[in-house]
A.B. asks: 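Please see the structure below; I have some questions.
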Amino acid sequence: MNFSYLTDPAHWDPSNPGSIPNLILSHLGYTALALLIGAVIALPVGLYIGHTGKGSFIAINAGNAGRSLPTLGLLMLMVTLLGLGLLPVLIALTVLVIPPILTSAYAGMRNLDHRVVDAARGMGMRPWQVLSRVELPMALPIMLSGFRNAALQVVATATVAAAVGLGGLGRLLIDGLAVNDYSRVLAGAIVVAALAVLVDLFLALIQRLIVSPGLKGS
Amino acid sequence: MITFEDVVKVYPGGTTAVDHLNLELPTGKITVLVGPSGCGKTTSLRMINRMVTPTSGRILVDGADVSQQNEARLRRSIGYVIQHAGLFPHRTVLDNVATVPVLLGQTRRAAREAALGLLERVGLSAEFAKRYPAQLSGGQQQRVGVARALAADPPIMLMDEPFSAVDPVVRAQLQAEFLRLQQDLGKTIAMVTHDIDEAIKLGDHVAVFRTGGRLAQFATPRELLAEPADDFVASFVGRDRGLRSLSFDSAAELPVRPVDGIDLDDSGRPLGLPGVFTKDDSLRVVTDLVISSPGGIAVRVGPDGAADGLVSHHDLADYLASRRS
Ligand SMILES: Nc1ncnc2c1ncn2[C@@H]1O[C@H](COP(=O)(O)OP(=O)(O)OP(=O)(O)O)[C@@H](O)[C@H]1O
Ligand SMILES: [Mg+2]
C-alpha cells in the first residue's frame, strides 16, 4: 500500500473523465443535491412541528429511525424498484440527510426563549414577522449544526453511488478493490476524508457569517 | 384613559386570574397594579394589548374597545416592557430599540438615529449601541427594555415589573430616572409590581389586587397608607405605613423654635451637625433626622443654607399629635 495513485499527476488531470477532480465534482454534486432536496423537505416540517408542538413524536423518532436505516440496503431496494440511475442514489442519500435536518430544525424552534418570542408579539410583529425576524435567527445555530451533521454524513456516504455504476469518489474504492489496487483505495479514502473536513470548514465559515454575534456562546 | 369594564379572565384549566375587574387608569398618570404573586396582575396588563383575551367584559382605550382593533396595530401603539426585559439576543442594542419604528415603516437608518437619542435618555451612552444584550448587565438590559418600549413614542406604556431584576441600589436609581422621564413625557402608564414600596413611590394611583384576581382597593398612595380599605390591604401595605405616610406630608407647616445652642459658621450655616432639612422636605425626612441625630434635634435651613429653626423629639411628637385631632 502506498500513495502512488494519489501523487500521480495523471490522476489529477481534469481532462480525464475518471480523474480525481472530476470524481470530486460528481461527489459534491450528489452531496449538494441530496442536501438541497433533504432541506426542502425536512426544514419546513421540522420548523412546523417545532413551532406548533404538533406531532413532536415524528421529529423525535425521525432521528432514531434515520440512524438505524442502512443506506446501502435502501439503495439496493430503490434500484430493484426503479432501475439504475441517479434517482435511486438521490433517494437513498436524501433519506439519510432528512433526520438530522428535521430533528435540529425542531430542536431549534423548541429551545427558543419564549419570553423573547412573547416580547416580539407584544411589540406588534405579525406571525410571519415573528418567525422570520426573531424565531429563525435565534434557532439558526442549532439548525446549522444539524445541517453540518447531515453534510458530513452524506459526504462520507455518497461513495455508495459507485456501487450502482455512478461516479463520485466511491469509484476509487470500488474499482480499486476490484483490481486489488490498494493504492487507489487509499487515495479514495484520503480524498473522501479531506473533502469531509473541507466541507465542514466551509459550512463553519457560513455559520460564522450568518449567525448573529449576539448568539455566540449561548 | 384605559377602562376595564367588568373584566373576567378564566384560563383553560379553570384558574380565575381576574375576577370582575372594574378599573380606570387615568390619562397621563402612572397606575401601579400591585398584589401578591399569582393575583392576576400580569394577566390584567396583557389584556390591554390583547396578549390575553378576556373571558368576558371589555377593555377600552380612550373609549374604543380594544377587541375591535387590529391586533398588531394596537400593540405597536402601546409600549410594552416585559418582565425580564425580553430583549432580542440576536440584535444589537440599537436595533432592539429601533424595532417598533421599523415595523411602523421608518427606514432602518432613521430609526437607528432616533434610537441613539433614546438610549441617552435612559442613561446609556452611545458605546452600548453596538453591543448585544448578552453583553449588558441586568440593569442596563432593563434600561434598553424601557427605551425599546418608548421608541415609537406611544401614548400608553405597559410595564411588567420593569425594575425587578436588579439590586436595590440600581433599582432606586432606575426608579428615580423613570419618574424624571415620566415628568417630561406624561405617558399613560400601567405598571405591575409585587413590591408595595415601589407602588407607593412610583404610582399616581395604586390598584391593590388580592389573590383570586379581585381588586381590593384603588387609591392614591397617600390614601392607601392612611385608610387601607380592609385588613388585607393594611397587612399588605405593611406595619410601618404610619411612618411611610409621612413622606407625603410637607414639613412646611412644622413649627420650629429659635436657633439656639448650636455652632454656626460666619454665614449662619450649622457646623458639624449631620441633619438639616428644608421646607420642601417631607415629615418623614424630619422624623428620620430627629431620630438619628445625636442630640435628638433637626435643624431647618433656608435657601441660603443658613439655620432658621430647630425641631426636637417633643416638637415633632406634639405636631403629629395635633394633626390627629
Ligand atoms: N397561560 C396560562 N394558563 C393557565 N393559567 C395561567 C396562565 N397564565 C397565568 N395563569 C394563572 O393565572 C393566575 C394569575 O397569573 P398572573 O401571571 O396574572 O399573576 P401575577 O399577578 O402576574 O403573578 P406574579 O407576581 O407571580 O408575576 C395564576 O394563578 C397563574 O397560575
Ligand atoms: Mg406577573
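Proteins get letters first, then strands, A, B, ... in listed order; numbering begins at 1 in each. Atom set for the values below is all heavy atoms of this structure, side chains included, hydrogens, waters and symmetry mates excluded.
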A.B. asks: To the nearest 0.5 angstrom, please state how far the CG atom of Leu136(B) sits from the CG atom of Leu87(B).
C.D. replies: 7.5 Å
A.B. asks: Hey, are Arg46(B) and Asp160(B) close enough for a salt bridge, meaning a charged N less than 4.0 Å from a carboxylate O?
C.D. replies: no
A.B. asks: Which residues in residues 99-128 of chain B have a heavy atom less than 4.5 Å from any heavy atom of chain A?
C.D. replies: Thr99(B), Val100(B), Val102(B), Leu103(B)
A.B. asks: Considering only heavy atoms, which portion of Arg50(B) lies under 4.5 Å from any heavy atom of chain A: side chain, backbone, both, or neither?
C.D. replies: neither
A.B. asks: Begin from the C-alpha positions of Lys9(B) and Asp19(B) and carry the test salt bridge (Lys or Arg N to Asp or Glu O under 4.0 Å) through to its verdict.
C.D. replies: CA-CA 7 Å; Lys9(B) 176 65 192 181; Asp19(B) 194 3; over 6 Å; no
A.B. asks: Salt-bridge test for Arg133(A) and Asp95(B): reply yes if a basic N is under 4.0 Å from a carboxylate O, no otherwise.
C.D. replies: no
A.B. asks: If you count heavy atoms of other groups shown closer than 6.0 angstrom to CZ of Phe202(A), is the number above 12?
C.D. replies: no
A.B. asks: Is Pro133(B) close to chain A through its backbone or its side chain, or both, or neither, when contacts mean heavy atoms under 4.5 Å?
C.D. replies: neither
A.B. asks: Report yes or no: is the cationic atom of Arg148(B) (NZ for Lys, CZ for Arg) closer than 6.0 Å to the six-membered ring centre of Phe88(B), at no more than 45° off its axis?
C.D. replies: yes
A.B. asks: Side chain, backbone, both or neither: which part of Asp118(A) has a non-hydrogen atom closer than 4.5 Å to chain B?
C.D. replies: both
A.B. asks: Salt bridge (Lys or Arg N to Asp or Glu O under 4.0 Å) between Arg121(A) and Glu71(B): does it pass, once the steps are laid out?
C.D. replies: CA-CA 10 Å; Arg121(A) 292 178 51 231; Glu71(B) 215 171 59; 5.8 Å; no
